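Remarks on the structure that follows.
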Amino acid sequence: MNFSEVFKQSNQLCKVSPDGKYLATCVQYRLVVRDMSTLQILQLYTCLDQISHMDWSSDSLFILCAMYKRGLVQVWSLEQPDWHCKIDEGSIGLLSSRWSPDGRHILNTTEFHLRITVWSLCTKAVSYIKYPKACQKGIDFSRDGCYMALAERRDCKDYVSVFVCDDWHLLRHFETETQDLGGLEWSPNGCVLAVWDSCLEYKVLLYSLDGRLLSTYSAYEWSLGVKTVTWSPSSQFLAIGSYDEKVRVLNHITWKKITQFEHPATINNTKAVVYKEVERRPAVGADDLSLHNITIGTTLFNTQSKYEICPPPVQIPVVKPDPDRANPKIGVSTLAFSSDSRYLATKNDNMASVVWVWDMQNMSLEAVLEQCSAVRCFQWDPRRPRLALCTGNSKLYLWSPAGCVSVEVPTEGGFQVQSLNWHCSGDSLILLGKEQLLKLTETQRTLEYTSGLPSHTHLAGNV
Amino acid sequence: QTFFSPEDKDICSSSECRTPPLRQFSQSSLPLHRKSYMLSTFCTEQNVQECQSHINQEVSSLGLQPVWTESGSSSEMNVVAVLNCMYDLIQMHRRGLRSLENMEVEQLKSSGNVDYLQLTSTRLKEQLELSKRENTGLLERERQLQLKVKSLQNCLKNEKEEVQKLQNIIASRASQYNHEMKRKEREFNKLKERLNQLLIDKKEKKQAIDVLNNIGRADGKRSLWKTEKTEAKHEAEMYKALLSDYDTRQRELLLENAELNKVLQQMKKDMVSILSSKKPILKGDKYQDDGAQADSEDEEEVFDSSKESVELYCVHAREKLTNSIRLQWRRLKSHVERLDSQGSLHAALSLFDLCTRRNLEIQQCKDFIQTQQQLLQQQLSSPCDEETASLLSDCYMLQEKERLGDEWKTLEEQRTIFERERRNFTEAAIRLSHERKAFEEDRATWLKHQFLNLSPFPDSKKPPMSKSKSAFLICECLLFYNLLFLFTNIFILESIEAFNSFLSKIRDENVTNFASFSVNSPASC
């Protein structure tokens, strides 16, 4: 594995362009655009204030930088560095800013969710959308970029508006049967919209593109309900993670539950492989504590870790959340399907250091990864069934059906991996620390090592 | 004459039921008389003395005064003593009778008591029995009540737990609601503040966009006005998208359906074939199987005639298929059960054989895999330093490498030879071309000379003829040489081409060989 140099970034704002050629990062009030392969600086732009949010347009030609405190959005062009665009929301304030799928409109949500302003970069025209809902996920664009679904709230009732992104024409506007809409998401094929209620009521509604209610799903009443919802990339499955520590999977033909995955504290399943991270502190002898050694290496104090395979039954460490607090840290909060829809990775909040990997073909548990500290972020390789995760220490962990490895990030001064992003080709990873970023490229050898081996050799090692 | 004492009379009156024995006694007293009458044979005139002594003895044994004293010459008895004795005896007798009566009365009393006691005891036993039964009944009821109590306690516990759970839910919902309320209140306050601020603020910062120049649309097309036509177009596109999705889904389902139907048909065929092949073995069920065969034949006919899977979309055909499969499956199941119960030793043995063989195979494979894994681990974990690593990295291919090296060397040599020859040939070709040019020039001059020398006069000089002839000969020679050279050139070029292709082939083979070898031996990471 090749590790690049460490570069500075602020606010965890680091995005790869959609075409995979460029890497944009923010350092305070500067926007730095680098070439993806060489990491050389191509362009440097300066904004008027500290950048709160940054995003690429879909055609990788423009970048928007939003500064929420000042209520400003600046748009930069990659082709014409002299081109500039500044959107000032004025006294109405700015809460969030995003691109439209065609890369030519910017949607700004004003403060207090008063309205959404649609700015056109082609015509300088402005449109307004009233009564947007303030919830977990109130806007979603369909994958083909044709439609936008927006959650609205009028007169204490929830509505969904479907707009055609071409000319912002309101296609459909219908009331939803939710008490308090929590979020909505298009299926990857763009034909079904999943709408779910807030956590006070377990209700998932499925609407067709033309606004018809296809199905309603409610697993139980009264207890806290849905925490997260994810579609599988093939649009076949809808996975619902809830506060009762279970994941329920619905199928796209009947919209009924086909299976449910539970996260028990004791694992008795003999077919699943349980990987446990074991840390090994290097023994420091008295002679080693010379000044030379101390100055040379924080590697002296770096803990080595590797994975061990534990035979069942295995006990998982559970942290009981405070029952009096709202939004308790219990239940399945993160779900991710692999790109071929074969695997589903889940994380249960009261077992925060464990990632569960489920096989969707057999509807069974495939692997359990128990880390030494709480898992911060995990993401599937966009090309292969390979999961990368990080726990806030200086290591990167990779799981594939062949086995599990832990990779030490070799930097001086320590690099705490807070989050990671795969490149769209699946060949490199961007690791983000507190104020740093690092690019990890794989050589052919590591690719085979981690993904090409036959499945009966379960490798547990470190690279 | 019976002599009744007053006591007797009393006894007689006191006990009503006592009269019979008295009567008996009174009756029995008669036999005494009679007995006494009969006992008169005790004493005769001959044995008076003995009788007297005997009676004396008897009387004295009874504690009475002797009747007769021995010292007396007179054999006459003391009448007074005798009478006294008799009176005493009678008194004694009466007393005895009285005590007998008393005892009989006592006996009567006690028998009455006994009866009474028996009655009471049976009554009490019955009562005891009854109360025991009641007791068991009560115990049973108590047991049932205890069970009920336990179940009720369980219910209570469950209800308490349920209540606790509901309370927890209520508590969490309440905290969630409170949290939301507080959040909304905070937002509301912020909104109020902002509103105040805006009302106070004189200058309002307007929204504005400042762009250097408008940029074109992403797809390069011009934007259209919003008209009914565009709205209709959007609707149409939306429905098109939905329809195409339904189309693809339906197609997938059709394919799946067709496959499943095929599988069912295949299963049915297999089952029928299995059942029909087993027919000769079981003679007892021949009739049944015949019937089954006929049945299945019927169905086969039906299905043979409608081979197209399109027919199976009809509900009836589908049902027929599933029913026939269910029937065959049932038959197969019963057949297998029959086989099991019959304990077909042969089949079992063969199965057992197969199992053991398979197990052996599995074991062998496992061992093989184990050794492979060990070797792999060894390779991965062996501490190899640079030199040994580099040495060992290609250890598998050493022989091949050497052979290839040798071949390469020979090929190189041949190549150099070919190159040299080629160079020679090119030089020869160049020389030839020069000579040819020279020859051409010569020829041209000669022809010129000839032409110039040509005269209508017949006295042309002879010597130029020979010159021309020789030149002609040389020309021919050179042509021939030219052609020869051309052919050899072509031949050489072709051989060089072949050689080159051969070399490239060898090179490619080499590369792939090395590549595959390097993948298979990860000696160093």
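Just so it is clear, the structure is predicted and the values come from calculations on it, not from any experiment. Order of the sequence lines sets the chain letters (A, B, ...), proteins ahead of strands, with each chain counted from 1.
When atom types are taken as modelled, the side chain of B:Arg194 and the backbone of A:Phe112 share no donor-acceptor pair closer than 3.5 angstrom.
If you measure heavy-atom distances from A:His252 to chain B, the contacts under 4.5 Å come from both the backbone and the side chain. Looking at B:Leu253, the atoms closer than 4.5 Å to chain A (heavy atoms on both sides) all sit in the side chain, from C-beta outward. For B:Lys165, no part lies under 4.5 angstrom from a heavy atom of chain A. Of the two parts of B:Leu191, the backbone and the side chain both hold a non-hydrogen atom closer than 4.5 Å to a non-hydrogen atom of chain A. When heavy atoms are compared at a cutoff of 4.5 Å, A:Cys199 approaches chain B solely by way of its side chain, counted from C-beta outward. Proximity to chain B (any heavy atom under 4.5 Å) is restricted, for A:Trp119, to the side chain, taken from C-beta onward. The parts of A:Leu200 that come within reach of chain B are both its backbone and its side chain, each placing non-hydrogen atoms under 4.5 angstrom from that chain. Contact of B:Gln197 with chain A is not made at all, since no heavy-atom distance falls under 4.5 Å. Within the 4.5 angstrom heavy-atom criterion, only backbone atoms of A:Asp324 (N, CA, C, O) approach chain B. Only the side chain of B:Tyr246 comes within less than 4.5 Å of a heavy atom in chain A; its backbone stays farther off. The contact between A:Thr117 and chain B is made entirely by side chain atoms (from C-beta outward), counting heavy-atom distances below 4.5 Å. In this structure, no portion of A:Asp144 lies under 4.5 Å from any heavy atom of chain B.
Open room surrounds CZ on B:Phe188; 12 or fewer heavy atoms of other groups in view lie less than 6.0 Å from it. Counting heavy-atom neighbours within 6.0 Å of B:Glu361 CD, excluding the residue itself, gives a total above 12. Applying the 6.0 Å contact sphere to CZ of B:Phe368 captures no more than 12 heavy atoms from other residues, nucleotides or ligands.
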Next on the checklist: side chain to side chain contact (heavy atoms under 4.5 Å, CB included), that's the test. Do B:Ile209 and A:Lys86 meet it? Break it down for me.
Outcome noted: CA-CA 6 Å; B:Ile209 179 167; A:Lys86 185 173 79 159; over 6 Å; no
Checklist entry - Run the side chain to side chain contact (heavy atoms under 4.5 Å, CB included) check on B:Asp210 and A:Cys85 step by step: do they pass? => result CA-CA 6 Å; B:Asp210 168 30; A:Cys85 168; over 6 Å; no
Checklist entry - Can B:Val211 and A:His84 be said to form a side chain to side chain contact (heavy atoms under 4.5 Å, CB included), step by step? => result CA-CA 6 Å; B:Val211 191; A:His84 64 265; over 6 Å; no
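The candidate with the highest count of non-hydrogen atom pairs below 4.5 Å against chain B, out of A:Leu114, A:Leu209, A:Asp180, A:Ile87, is A:Leu209. Listed options A:Asn189, A:Leu61, A:Leu224, A:Asn327 were ranked by heavy-atom pairs under 4.5 angstrom with chain B; first place goes to A:Asn327.
Atom CG of B:Asn178 sits about 13.5 Å away from atom CZ of A:Arg325, to the nearest 0.5 Å. Considering CD1 of A:Ile92 and CD of B:Gln207, their distance stands at 5.5 Å, rounded to 0.5 Å. Rounded to the nearest 0.5 angstrom, B:Asp245 CG and A:Ser187 OG are separated by 7.5 Å.
Residues A:Asp167 and B:His234 have side chains that bring a donor and an acceptor to within less than 3.5 angstrom of each other.
The pair A:Glu201-B:Arg173 does not count as a salt bridge, with every side-chain nitrogen at least 4.0 angstrom from each carboxylate oxygen.
Taking A:Ser77 as the reference, A:Phe62, A:Glu79, A:Gln80, A:Trp83 meet the side chain to side chain contact (heavy atoms under 4.5 Å, CB included) condition, with sequence neighbours excluded.
Closest approach of A:Ala326 to B:Ser175, counting heavy atoms only: CB-O, 3.8 Å. Among all heavy-atom pairs drawn from A:Cys191 and B:Ala241, the shortest one is SG-O, 4.0 Å. For the pair A:Tyr147 and B:Met238, the tightest heavy-atom approach, listed with the atom from each and the gap, is OH-CA, 3.2 Å. Contact record, A:Trp222 with B:Ile169: O-CG2, 3.3 Å, taken as the closest heavy-atom pair.
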